[in-house]
Participant: 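To start, I am sharing the structure in question, which I have written as structure tokens.
By convention in this document, chain letters (A, B, ...) are assigned in the order of the sequence lines, proteins followed by strands, and residues within each chain are numbered from 1.
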Amino acid sequence: MTSVPASRRPSRVPWGVIVWPALLAFCLLPGVLPRLVQPLTAGERLTFEPPLWQLTLTHLGLVLLATGVVLLIGVPLAVVVTRPGREALRHLTETLVGLGQTVPTFAVLALAVPALGFGWAPTLLGLIVYGLVPVVSNGVAGLLSVEGHLLDAARGMGMSPWQRLQRVELPLALPVLLAGVRTSTVYNVGTATIGAALGAGGLGAPIINGLSQQNPGLVLVGAVLAALLALSLDALLGLVVSSPLSPAE
Amino acid sequence: MSVSGQPGAGVRGAYAPWSVPGGTGTVLVLATLPMLAGTLLPWVLLRPNRLAPGDSLRLPPALVGAGLLLAALPLLTARLFPRLTGLAASLAVVAGFWALGTQTQAAVAGQAPFARASAASGVWLFWLGAGIATYGAGLLTRSRPERWLAWAWGPPVAALFLSGHLNAWSVLIEGRSEGPRWVQELGQHLRLVGEGLGLALLIGVPLAVWASGRERAAGTVLGAANAVQTLPSLALLGLLIAPLSALANAFPALRALGISGIGVAPALTALTLYALLPILRNGVVALRGVPSGTLDAARGMGMTPAQLFWRVRLPLALPVWLSGVRQAAVLLVGVAAVAALIGAGGLGTYIFKGLQSAATDLILLGAVPAALLALGLDAALRGLERLLGRHFGRGP
């Protein structure tokens with residue numbers, strides 16, 4: 001028996017962690033979703049080639065790969081531009097991040113096609129560009145919010161710049177940074193559906209096919225799975241990050 | 001006014017005899033590298049028709065020399081005559097457009113009328129570098145009258161477009177052949193964004209005012225706003241088709257009003273829902289963020305509830321609320337582009353057409369104006385925010 005009071009943390013987080021992935025897994029069982037949307041398809045049973053779990057895995061793979069690259073680029077970038085004496089680089093980064101936030105996602109994805117051709121590559125590039133926005137802006141904000149007297153104290157203890165970064169700045173900036181990673185990952189689940197228009201596959205494929213064939217059932221299958229995937233990832237990342245999705249400005 | 005020993009600049013290699021953000025030199029180096037690479041890379045892609053694969057053409061040696069010089073010019077100017085850096089950067093931008101014009105003209109001269117000359121990787125890299133150079137020049141001459149020189153490229157580039165110098169560029173050829181239809185799609189795009197935003201304001205503003213006074217309602221609104229944002233816009237568009245087509249089938253009168261599963265109605269519904277979220281969220285957050293001490297003081301002065309709202313709560317909440325409206329407007333430009341998939345029209349039509357037929361120029365014809373539209377709208381609404389902020393005495 002544990003002595004920790006049960007009501008210390010809001011119970012919403014653990015519920016989401018169980019409910020959304022379970023619903024996602026249930027929907028991926030063979031035959032479940034096609035039967036559920038049968039009323040919308042005039043009695044026709046939908047079949048999926050490739051199967052739905054494979055589309056979901058492709059989707060998840062795209063999003064996780066993009067998040068990995070975003071972390072590899074975004075965190076060092078945030079660290080580099082927040083060092084003293086690099087204000088101009090920070091302004092440039094913030095302006096570029098602002099551009100990434102303003103320019104429509106679909107335009108970014110479409111503009112990557114002439115450079116990279118169809119398929120995975122332009123979608124991945126778009127996901128990386130779009131995913132960098134919250135990670136870099138939160139990383140910069142987190143590192144800048146570390147108070148000067150803490151850094152002075154660390155310097156007074158004889159810490160080298162690298163030790164200060166590793167032991168003081170990054171740990172203090174971590175919650176804000178992780179919130180950015182969560183936002184980035186969840187939004188990219190939605191962005192990746194648009195990648196199907198560029199031939200990347202994933203859960204956008206049934207949506208786009210359904211829209212062009214005017215088949216609402218097909219659309220519903222893709223939309224429900226994409227939404228469940230986004231909610232599952234949001235809940236799972238919420239275990240690591242305590243702040244809510246997309247902190248209001 | 002000596003450069004050395006000035007503590008304010010504080011950075012090694014301070015360029016100008018006034019205070020400059022540290023690292024501006026690095027920004028200008030970052031601008032030089034893509035321009036150098038762009039000069040050496042293929043500049044024009046010549047294809048026998050708009051879909052066929054083509055040949056890459058490089059710049060002639062004389063222009064390569066000029067390009068290398070222009071690439072290094074902003075960095076050199078920043079060292080020698082920091083005030084004129086904006087001019088050097090603007091020169092690079094104009095030169096990029098000018099060289100694209102001459103090279104595309106030279107490429108299609110003597111070719112069949114279907115031949116298309118498009119901008120290759122070199123042009124895009126050169127533009128990227130020149131853009132960063134103007135940004136760096138802006139930082140270098142910030143808070144000085146010379147900062148306007150960083151915008152000096154505007155009129156010459158406009159003149160190059162208007163004089164027909166760039167008419168051999170494949171994107172403009174596509175644009176001319178689409179002509180009035182393109183203008184129509186642009187208008188449709190603007191109409192979708194405007195109507196979606198208008199409807200969202202009509203619903204969202206009273207709802208936010210109502211919810212901001214109620215604890216439970218505010219929590220519900222914020223929760224719902226966050227939950228719907230996890231739903232992909234494409235999925236939301238798709239999901240609205242089924243109920244709206246069912247509605248139109250059940251009530252033929254509605255169909256006469258133009259409501260059906262495909263087209264403008266579901267797109268407008270989705271756009272309104274999407275715009276509603278930032279408007280509601282920021283409205284509730286801003287109205288609830290007004291300090292209770294201020295409200296007490298206003299009540300103590302004998303203000304009626306109406307006066308309290310119009311004179312205290314609304315002006316104090318306006319900056320945060322307006323930034324929500326701006327987020328909504330920018331978001332809608334993007335969602336409206338996707339809405340072309342369900343037959344709502346707009347600039348997305350060209351993007352989808354281009355993607356289906358692998359025609360790069362059509363993609364550019366849709367995506368570049370959509371991106372510029374979002375940026376322009378963002379800048380315009382930021383200006384409006386500042387104007388209103390100043391009007392209410394809260395200007396930055």
Participant: Using side-chain heavy atoms (C-beta onward) and a distance below 4.5 Å, is A/Val113 in contact with B/Thr360?
Facilitator: no
Participant: Kindly write out the residues that satisfy side chain to side chain donor-acceptor pair (under 3.5 Å) with A/Thr95, not counting sequence neighbours, or none if the list is empty.
Facilitator: B/Tyr135
Participant: Under 4.5 Å heavy-atom distance to chain B, tell me which part of A/Thr105 shows up: side chain, backbone, both or neither.
Facilitator: neither
Participant: Testing the basics here: between A/Ala107 and B/Ala367, what is the closest heavy-atom pair and its distance to 0.1 Å?
Facilitator: CB-O, 3.8 Å
Participant: Working to the nearest 0.5 Å, report the span between OG1 of A/Thr102 and CZ of B/Arg382.
Facilitator: 6.5 Å
Participant: Do A/Leu89 and B/Leu30 come within less than 4.5 Å of each other through their side chains, counting heavy atoms only?
Facilitator: yes
Participant: Where is the tightest heavy-atom contact between A/Pro104 and B/Ala374, given as atom of each residue plus distance?
Facilitator: CD-CB, 3.8 Å
Participant: What are the two closest non-hydrogen atoms of B/Val330 and A/Gln101, and how far apart are they?
Facilitator: CG1-O, 4.4 Å
Participant: If you look only at distance, which donor and acceptor atoms sit under 3.5 Å apart when one is on a side chain in residues 115-135 of chain A and the other is two or more places apart or in another chain?
Facilitator:
residue  : atom : partner  : partner atom : Å
A/Thr123 : OG1  : A/Gly119 : O            : 3.2

Participant: Quick check on the interface: out of B/Val333, B/Leu331, B/Val338, who has the most heavy-atom pairs with chain A under 4.5 Å?
Facilitator: B/Val338
Participant: Of all of B/Leu375, B/Leu222, B/Ile132, which one pairs up most often with chain A through heavy atoms under 4.5 Å apart?
Facilitator: B/Leu375
Participant: Mind checking what makes side chain to side chain donor-acceptor pair (under 3.5 Å) contact with A/Ser232, not counting sequence neighbours?
Facilitator: none
Participant: Do A/Arg86 and B/Thr26 come within less than 4.5 Å of each other through their side chains, counting heavy atoms only?
Facilitator: no
Participant: Pick whichever of B/Leu355, B/Leu347, B/Leu372 has the most heavy-atom pairs under 4.5 Å with chain A.
Facilitator: B/Leu355
Participant: Got more than 12 heavy atoms from elsewhere within 6.0 Å of CH2, A/Trp20?
Facilitator: no
Participant: When heavy-atom pairs shorter than 4.5 Å are enumerated against chain B, which of A/Leu92, A/Ile207, A/Val219, A/Val103 gives the highest number?
Facilitator: A/Leu92
Participant: Applying a heavy-atom distance below 4.5 Å, give me the residues of residues 195-202 of chain A that approach chain B, sorted by number.
Facilitator: A/Ala197, A/Leu198
Participant: Which region of A/Ile194, side chain (C-beta onward) or backbone (N, CA, C, O), has a non-hydrogen atom less than 4.5 Å from a non-hydrogen atom of chain B, or is it both or neither?
Facilitator: both
Participant: Would you say the side chain of B/Val368 lies within less than 4.5 Å of the side chain of A/Leu111, judging by non-hydrogen atoms?
Facilitator: yes
